[in-house]
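Atom set for the values below is all heavy atoms of this structure, side chains included, hydrogens, waters and symmetry mates excluded. Quick caveat: nothing in here was measured; it's all calculated off a predicted structure.
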Amino acid sequence: MANNTTTAVKVLGAPGPAGRSSPEGSQVLSKKKLQDLVREIDPNEQLDEDVEEMLLQIADDFIESVVTAACQLARHRKSNTLEVKDVQLHLERQWNMWIPGYGSDEIRPFKKACTTEAHKQRMALIRKTTKK
């Protein structure tokens, strides 16, 4: 069964300093959540303050770019509503990411790379020379 969730998004405010459209205090990922995530991966790991700031900035920039691109896709569909399928399409096409649990339940086939005859011949020659 497909999860056809529709979410309306209204972007408030104009871009601020350095092109940021969100105030500094409204980060999606907080320092505490980042530290919890690091502890979940390795309980003994401690991030430097500069590293935390950089990771938070990267996360905010990533989310901002994904939402912007997804809004462009929604506009292309001539819609005023940002839907899950817009975000999914951008993540899949630009980042090769598929978020399980959203969208269709179809099994996504593994795309095997097509090998040319020339490549097969080169590989056979390499195998032949390495056997000697």
Side-chain angles (χ1 to χ4, degrees):
M1 182 161 121
N3 184 354
N4 295 327
T5 306
T6 302
T7 304
V9 175
K10 183 176 180 184
V11 179
L12 299 175
R20 295 185 56 106
S21 59
S22 61
E24 291 298 316
S26 65
Q27 292 178 324
V28 175
L29 182 65
S30 67
K31 282 188 179 186
K32 173 140 178 42
K33 287 182 182 178
L34 178 61
Q35 290 167 353
D36 291 344
L37 180 62
V38 170
R39 270 189 235 108
E40 188 176 314
I41 295 169
D42 183 0
N44 299 323
E45 186 64 41
Q46 183 66 32
L47 294 179
D48 189 39
E49 182 73 23
D50 293 338
V51 173
E52 281 182 356
E53 289 297 325
M54 180 61 72
L55 289 174
L56 292 172
Q57 182 65 43
I58 290 170
D60 281 347
D61 291 346
F62 175 75
I63 292 168
E64 185 175 335
S65 72
V66 168
V67 169
T68 301
C71 286
Q72 290 173 345
L73 289 170
R75 245 182 270 131
H76 181 72
R77 289 188 298 106
K78 300 190 181 355
S79 173
N80 293 327
T81 304
L82 179 62
E83 295 180 7
V84 171
K85 65 183 178 182
D86 300 315
V87 177
Q88 282 180 324
L89 182 63
H90 175 71
L91 288 175
E92 185 175 2
R93 296 285 167 93
Q94 297 299 318
W95 296 95
N96 198 26
M97 292 173 64
W98 184 258
I99 311 301
Y102 291 95
S104 63
D105 288 338
E106 68 187 36
I107 297 174
R108 297 169 42 84
F110 176 73
K111 298 175 187 171
K112 186 175 181 181
C114 180
T115 57
T116 63
E117 191 60 38
H119 177 71
K120 290 176 185 176
Q121 290 173 356
R122 285 191 299 267
M123 292 304 294
L125 181 62
I126 291 170
R127 284 188 201 102
K128 183 179 177 183
T129 56
T130 56
K131 286 182 181 179
K132 290 182 179 179

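L47 forms part of a hydrophobic cluster together with L29, L34, V38, V51, L55, L56, judged by ILVMFWY side-chain heavy-atom separations under 4.5 Å. Through side-chain heavy atoms spaced under 4.5 Å, either directly or across other Ile, Leu, Val, Met, Phe, Trp or Tyr residues, I126 is tied to M123. Members clustered with I58: M54, by chain and number, using a 4.5 Å side-chain heavy-atom cutoff among hydrophobic residues. Hydrophobic clustering, defined by side-chain heavy atoms of Ile, Leu, Val, Met, Phe, Trp and Tyr closer than 4.5 Å, groups L73 together with L89.
By the side-chain hydrogen bond (donor to acceptor under 3.5 Å, both in side chains) test, Q35 is found to be paired with E52, residues two or more places apart in sequence or in another chain being considered. Considering only residues two or more places apart in sequence or on other chains, D42 meets the side chain to side chain contact (heavy atoms under 4.5 Å, CB included) condition with N44, E45. Considering only residues two or more places apart in sequence or on other chains, D36 meets the salt bridge (charged side-chain N to carboxylate O under 4.0 Å, His left out) condition with K32, R39. Scored by the side chain to side chain contact (heavy atoms under 4.5 Å, CB included) test, S65 finds no partners at all (sequence neighbours excluded). By the side chain to side chain contact (heavy atoms under 4.5 Å, CB included) test, T116 pairs with A118, H119, sequence neighbours left out. For the salt bridge (charged side-chain N to carboxylate O under 4.0 Å, His left out) test, residues two or more places apart in sequence or in another chain that qualify with K31 are E49, E53.
Across all their heavy atoms, A70 and D86 have their closest contact at O-CB, 3.5 Å.
Transitive grouping of hydrophobic side chains (ILVMFWY, heavy atoms separated by less than 4.5 Å) brings V84 and F62 into a common cluster.
Among pairs with a residue in residues 117-126, none fulfils salt bridge (Lys or Arg N to Asp or Glu O under 4.0 Å), at least two apart in sequence or across chains. Among residue pairs with one or both ends in residues 69-89, none qualify as ring-ring contact (aromatic ring centres under 6.0 Å, His included); sequence neighbours excluded.
Residue I63 forms a side-chain contact (heavy atoms from CB on, under 4.5 Å) with just one option from D61, V66, V67, and that option is V67.
Heavy atoms of other residues, nucleotides or ligands lying less than 6.0 angstrom from CZ of R93 number 12 at most.
In this structure, the side chain of D60 does not engage the main chain of Q57 through any donor-acceptor pair within 3.5 Å.
Distance check, rounded to the nearest 0.5 Å: CH2 of W98 to CD of Q88 gives 4.5 Å.
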